[in-house]
Peer 1: 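The structure that follows is given in the form of structure tokens.
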Amino acid sequence: MRSWDAAVERAQDRLGAGTRLRACLAGEERRFALWDLASLVEGELGELVDPDGLAPPVERGWRERLGESGREWPGGELYRRRYWILDERGAVAGTVAVDNWTKGPSQLAVSSLYVRPGARGRGLAAAALDEVYGAATAEGLPGFQLEAHWSWQSAVRYYLRRGLWVVGWKRSISLARMPQLPLHRVREEDGRLLLLVADRARGWVPILAAGREGRWLRLDETADYRGCDGWVHEYARSTLALYLALAGRPLVRGPQWWAEAWRWSDAGEPEGLAYKIEEFEQAARTAGRTPVSPYRPVRLPGQEREPEPKCEPGCEPERKPGPGPAASPQLADSGDG
């Protein structure tokens with residue numbers, strides 16, 4: 001039997017030998033930790049900071065505001081290898097880390113993906129993910145998996161645009177890129193969101209359609225969905241559910257579905273994602289943070305309506321039943337760079 005540990009080791013060697021990434025050297029651990037902190041400050045608090053300009057008093061202040069999530073973990077983090085993302089001139093522009101053992105179906109586990117603000121928009125993060133994917137598949141590993149907090153809206157949207165599939169949401173949003181999963185994208189048509197997959201012979205093929213029935217979700221399968229292989233069939237509904245959540249669309253098909261939503265609290269039906277998002281956002285409020293997302297909590301008929309949560313600029317407001325909603329500007333399909 002092939003040793004996955006040996007395959008991971010060889011994949012790490014490939015990453016270190018490339019030109020887009022450079023292994024974090026002895027003595028650079030503190031700098032990497034500060035770049036990790038800058039990522040947390042942006043993701044959880046929504047503020048941009050210069051990772052190389054964090055003086056000790058400023059660093060302490062940010063870590064105190066972040067609480068447990070801002071804790072610096074001692075011991076060198078031996079469970080993963082850390083890499084600097086290099087720009088076109090070979091200068092450090094970002095970070096990425098890859099675990100020393102596999103996750104999910106023997107995939108590489110990716111974390112700490114971050115590019116400093118001044119270096120964004122040049123495809124550096126995308127190139128880093130491509131490097132990890134190429135190293136994994138070259139050694140027989142089925143791609144990679146990463147986690148994204150629901151509250152990190154820009155990161156979640158970015159990973160969908162990069163074509164990652166949603167494979168779960170137990171503790172955060174789990175996304176993966178695998179050879180078994182084709183490219184996908186979402187298109188709006190007649191007020192519905194269509195999930196399409198790439199087919200060599202037929203081009204983009206719709207497999208699921210999500211619309212509205214009053215305040216509820218209507219989810220329709222196509223014949224192509226019913227004929228999909230196991231990987232696409234398993235993750236298509238989870239992936240479309242995340243697109244719906246990011247667009248502020250309904251995730252629940254009715255009271256009976258909402259009553260059973262806990263059954264899909266790890267992955268699966270869109271109701272499970274609605275269930276988890278309410279948990280994620282409640283945890284953020286408990287930590288003293290105000291969730292900012294287009295998600296609308298489920299309110300059953302007869303329940304007192306609560307104030308609507310804040311919404312990011314450009315997100316789709318809740319609409320009254322009627323004609324299908326207009327296109328949502330943040331629904332750039334996953335084929336966009």
Peer 1: Is it the case that the ring center of W84 lies less than 6.0 angstrom away from the ring center of F32?
Peer 2: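 Between F32 and W84, the centre distance is under 6.0 Å.
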Peer 1: Taking atom types as modelled, is there a side-chain donor on E131 or Y83 under 3.5 Å from an acceptor on the other?
Peer 2: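 Distance-only check fails for E131 and Y83.
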Peer 1: So which heavy atom on L54 is nearest to which on V58, and how close?
Peer 2: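 Looking at all heavy atoms of both residues, the shortest contact is CD2-CG1, 3.9 Å.
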Peer 1: Cut-off 3.5 Å, side chains only: do S151 and E44 have a donor facing an acceptor?
Peer 2: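 Side-chain D/A pair, S151 to E44: absent.
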Peer 1: With sequence neighbours excluded, what pairs up with A119 under the side chain to side chain contact (heavy atoms under 4.5 Å, CB included) test?
Peer 2: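 Per chain and number, A119 pairs via side chain to side chain contact (heavy atoms under 4.5 Å, CB included) with A93, V115, R116, R122, L124.
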Peer 1: With respect to E271, which candidate in R237, R253, R263 satisfies the salt bridge (Lys or Arg N to Asp or Glu O under 4.0 Å) definition?
Peer 2: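 With E271 as partner, R237, R253, R263 yield a single salt bridge (Lys or Arg N to Asp or Glu O under 4.0 Å), made by R253.
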Peer 1: Is the shortest heavy-atom distance from the side chain of V252 to the side chain of L217 under 4.5 Å?
Peer 2: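 No, every pair of side-chain atoms sits at 4.5 Å or beyond.
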Peer 1: Just checking, any donor-acceptor pair under 3.5 angstrom between side chains of Q107 and T102?
Peer 2: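 Not at all, the side chains of Q107 and T102 share no donor-acceptor pair under 3.5 Å.
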Peer 1: Go through the structure and list residues passing ring pair (Phe, Tyr, Trp, His ring centres under 6.0 Å) with Y225, not counting sequence neighbours.
Peer 2: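 Testing Y225 for ring pair (Phe, Tyr, Trp, His ring centres under 6.0 Å), a comparison that skips the adjacent residues, returns H233.
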Peer 1: Is the closest side-chain heavy-atom distance between L242 and W150 below 4.5 Å?
Peer 2: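 With C-beta onward as the side chain, the pair touches.
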Peer 1: Output all residues satisfying salt bridge (charged side-chain N to carboxylate O under 4.0 Å, His left out) with R30, sequence neighbours left out; order by chain, then residue number.
Peer 2: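 Expected list: E59, E72.
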Peer 1: Looking only at the side chains, is there a donor atom on one of Q153 and S293 sitting less than 3.5 Å from an acceptor on the other?
Peer 2: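 The answer is no; no qualifying pair exists.
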Peer 1: Which heavy atom of E139 sits nearest to which heavy atom of A11, and what is that distance?
Peer 2: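 So the minimum-distance heavy-atom pair works out to CG-N, 3.8 Å.
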